[in-house]
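Everything on this sheet refers to the single structure shown next.
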Amino acid sequence: DVTFKKRPFGILRYQPGQGGKGAMAMEIIPKSRYPGDPQGQAFSSGVKSGWVVKSINGQDVLNEDFHKIMDLLDDEVADPRFSKSTALA
């Protein structure tokens with residue numbers, strides 16, 4: 001289990017589970033730039049692609065709607081250049 005204390009978590013992309021329920025971490029920032037770097041939290045904590053979000057603030061979200069989970073997480077990457085899945089203009 002991994003607990004994040006601040007945002008962003010360092011997860012660049014999430015994917016919904018079957019039927020649009022649940023959420024999986026799919027793309028992780030592959031490094032921590034400095035000690036305490038919030039964008040390196042997932043990497044430093046050992047989060048791997050495919051890990052499932054189980055709970056948010058103690059609330060079980062395994063069967064919640066993907067979009068609700070994204071709203072609850074409120075995890076936005078500060079710099080979209082880190083994401084391979086974001087097209088830049």
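Quick note: numbers below take in every heavy atom, side chains included, and nothing from hydrogens, waters or symmetry partners. Along the sequence shown, residues are numbered consecutively beginning with 1. What you are looking at is a predicted structure, and each value in this text was computed from that prediction instead of being measured.
- Minimum heavy-atom separation, I11 to D75: O-OD2, 3.8 Å.
- Between the side chain of Q41 and the backbone N or O of P8, at least one donor-acceptor pair lies under 3.5 Å.
- Using a 4.5 Å heavy-atom threshold, the side chains of W51 and V2 count as touching.
- Taken from CE in M70 to CD in E64, the straight-line distance is 11.5 Å, to the nearest 0.5 Å.
- Residues V53 and I69 share a closest heavy-atom pair of CG1-CG2, 4.4 Å.
- Scanning both residues, A25 and V47, for their nearest heavy atoms gives CB-CG1, 4.3 Å.
- Under a 3.5 Å cut-off, the side chain of Q59 and the backbone N or O of I56 do not form any donor-acceptor pair.
- Atoms CZ and CD, on F66 and Q18 in that order, are 15.0 Å from each other to the nearest 0.5 Å.
- Taking all atoms of both residues into account, the shortest heavy-atom contact from M26 to S49 is O-OG, 2.9 Å.
- By the 4.5 Å heavy-atom criterion applied to side chains, F9 and L73 are counted as neighbours.
- Partners of D60 under the salt bridge (Lys or Arg N to Asp or Glu O under 4.0 Å) rule, at least two apart in sequence or in another chain, do not exist in this structure.
- Nearest heavy atoms, A42 versus I28: CB-CG2, 3.7 Å.
- Not a single salt bridge (Lys or Arg N to Asp or Glu O under 4.0 Å) links K21 to another residue, sequence neighbours left out.
- Checked against ring pair (Phe, Tyr, Trp, His ring centres under 6.0 Å), F43 has no partners two or more places apart in sequence or in another chain.
- The two residues P38 and R7 come nearest to each other via the heavy atoms CB-O, 4.0 Å.
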